[in-house]
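To find a chain, count down the sequence lines: A is the first, B the second, and so on, and within it residues start at 1. All values derive from a computational prediction rather than experimental measurement.
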Protein chains: 2
Amino acid sequence: MFGDPRSSTDDGSPAGESGATRLGRRPSTTQAELSHVALTLFAERGFDDTTVDDIAAAAGIGRRTFFRYFASKNDLPWGDFDAQLDRMRAYLDDLPDDLPLMDAVRASVIEFNRIPPEEVPWHRQRMRLLLTVPALMAHSTLRYRAWRDVVAHYAAGRLGVPEDSLEPQALAWTMLGIALAAYEQWLVHEDADLTELLESALRMLGERFAS
Amino acid sequence: MFGDPRSSTDDGSPAGESGATRLGRRPSTTQAELSHVALTLFAERGFDDTTVDDIAAAAGIGRRTFFRYFASKNDLPWGDFDAQLDRMRAYLDDLPDDLPLMDAVRASVIEFNRIPPEEVPWHRQRMRLLLTVPALMAHSTLRYRAWRDVVAHYAAGRLGVPEDSLEPQALAWTMLGIALAAYEQWLVHEDADLTELLESALRMLGERFAS
DNA sequence: TTCCTTTTGGCCCCCAGTGCCATTATTCTC
DNA sequence: GAGAATAATGGCACTGGGGGCCAAAAGGAA
């Protein structure tokens, strides 16, 4: 998962920022730039055989500086995920209250994972890493948790129960599972459409699991 | 998750093993012994503040030797998980073919997570670590994957579809989510019964998610 | 005893991640 | 234009997980 990272405020110029000239020395690169450089290296040598030194060197910055842009090597494929989560939260909040809970959640999952055609190859590349490299699979869990929290928070509000109670939590877990299962299919089938896969997976949930 | 680790062949004596006297120097400890020592230290100082050196020292072995018993510090709370998975596989295989798929899977999840009363405190301790310490949460994903594979393999067989196709994968993900949501409840509520929580969570799945 | 097998653990290495701090780039103020 | 003030950089040194290599220890069998 999820979304696509192009929303990051990055106009290419190192200066960045809109208007208000900030104080002090300007950052010498950006998250997006580093992420791009790293993804390229990962594609060439593989994730495990690419050290942080390699990435920093390729990006022309010091190793120490790298860790000011990303808290860990594992975060590289994720870009600015928090911004994506904000988007999803906003989308959910804007949905009408009379839309059934399941419909709302389903719609938000679809929307959150809509990616513009030109981003598809990059997104595939990132998702392939996240879903196959063990170190990344493991680390992703922490990101998934933040995503689940968004879903659970919304569901809890709609159901009028605590966020950490069983129903919203189970719902959030289930949605995550459905989405990831769809992603795995998407990776296997080069020509598949992610939105269609998600829709079909979500449809299946109602059909198959009805006790 | 899951199950309980007492099935490990461990009679307490360092020699271990039943019958056939093996050749060469005898192992100076056991997985279970190390796991126990480590869990105790984690409870005292916390997971992150306990180094592998600490654990090895407390167990009276060299650091290098530690890594012959456990591939990583993160594996300590898991014990012999592969044995648990074998148990679950066997349980599923023994179920009658005419039992509806969902019933079979539900039953196996319940059964897999049945724990004898005397093990409850230890299991709580282990699960609390696994579900709250970030490093362990992350690493657990790899174990969960093996568990999901068991479920997906069985479901695929019953459905007559490839194991990596969407339906068994989504089902497996969903079951994992349900189980973990139940576990989280179990940790929060000291007096709760895990089996009851699982049953109620699985029941909810059918009710709430029926499209 | 001697030989064979298996485990042990020391030594040294690699790599991720962090605290500390002097250096450099940039803007603001006088 | 000459400093402050501010913010990013990156070198250095350190911790901690993990692994390769290999000699030594501990057992059984001949």
Side-chain angles (χ1 to χ4, degrees), chain A residues 10 13-34 37-38 41-42 45-78 129 133-136 138-140 142, chain B residues 10 13-31 33-34 37-38 41-42 45-78 129 133-140 142:
Chain A
D10 173 25
S13 77
E17 307 316 322
S18 49
T21 48
R22 301 194 324 97
L23 216 60
R25 180 172 180 169
R26 274 162 306 207
S28 56
T29 182
T30 62
Q31 273 207 358
E33 172 70 20
L34 274 180
V37 167
L41 287 180
F42 293 160
R45 313 180 212 171
F47 182 81
D48 289 324
D49 290 334
T50 306
T51 70
V52 170
D53 291 87
D54 293 338
I55 299 165
I61 62 173
R63 164 200 175 68
R64 192 62 188 78
T65 301
F66 169 89
F67 285 106
R68 293 214 179 79
Y69 284 87
F70 286 93
S72 85
K73 180 184 170 186
N74 292 327
D75 286 313
L76 280 165
W78 284 95
L129 285 171
V133 176
L136 293 177
H139 181 257
S140 298
L142 306 177
Chain B
D10 174 24
S13 77
E17 306 316 323
S18 50
T21 47
R22 301 193 324 99
L23 218 59
R25 179 173 180 168
R26 276 164 303 205
S28 55
T29 184
T30 61
Q31 271 206 0
E33 172 70 19
L34 274 181
V37 167
L41 287 181
F42 293 161
R45 313 180 213 172
F47 182 82
D48 289 323
D49 289 335
T50 306
T51 71
V52 171
D53 291 86
D54 293 337
I55 300 164
I61 62 173
R63 164 202 175 71
R64 191 63 189 77
T65 301
F66 169 88
F67 285 107
R68 293 216 179 76
Y69 286 86
F70 286 92
S72 83
K73 180 184 171 186
N74 293 328
D75 285 313
L76 280 165
W78 285 94
L129 285 171
V133 176
L136 293 177
M137 290 174 59
H139 181 256
S140 298
L142 306 176

With the sugar-phosphate defined as primed atoms, P, OP1 and OP2, and the base as all remaining atoms, what B/S/- string results for nucleotides 13-22 of chain D, 5' to 3', for protein heavy atoms under 4.0 Å? ---SBBBBBB
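- Between B:Tyr69 and C:dT8 there is a side-chain polar atom (N or O) within less than 4.0 angstrom of OP1 or OP2.
- Taking every heavy atom of both residues into account, B:Leu142 and A:Pro134 meet most closely at CD2-O, 3.8 Å.
- For B:Arg63, the side-chain hydrogen bond (donor to acceptor under 3.5 Å, both in side chains) partners at least two apart in sequence or on another chain are B:Asp53.
- Remark: A:Ser28 is not in phosphate contact with D:dA8, judged by side-chain N or O atoms under 4.0 Å from OP1 or OP2.
- For B:Arg25, there are no side-chain contact (heavy atoms from CB on, under 4.5 Å) partners two or more places apart in sequence or in a different chain.
- A search for side-chain contact (heavy atoms from CB on, under 4.5 Å) contacts involving A:Ala57 returns nothing, not counting sequence neighbours.
- In terms of heavy atoms, B:Ile61 sits closest to B:Leu34 at CD1-CD2, 3.9 Å.
- Between A:Thr65 and A:Thr29 the shortest side-chain heavy-atom distance does not fall below 4.5 Å.
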Heavy atoms under 4.0 Å is the rule here; annotate nucleotides 22-30 of chain C 5' to 3' with B where the base is hit, S where only the sugar-phosphate is, and - elsewhere. --BBBSS--
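- Rounded to whole Å, atom P of C:dG10 lies 11 Å from atom CD1 of B:Ile61.
- Of all heavy-atom pairs between B:Phe47 and B:Lys73, the closest is O-NZ, 3.1 Å.
- Applying the side-chain hydrogen bond (donor to acceptor under 3.5 Å, both in side chains) test to A:Asp54 and every residue at least two apart in sequence or in another chain returns A:Arg45, A:Thr51.
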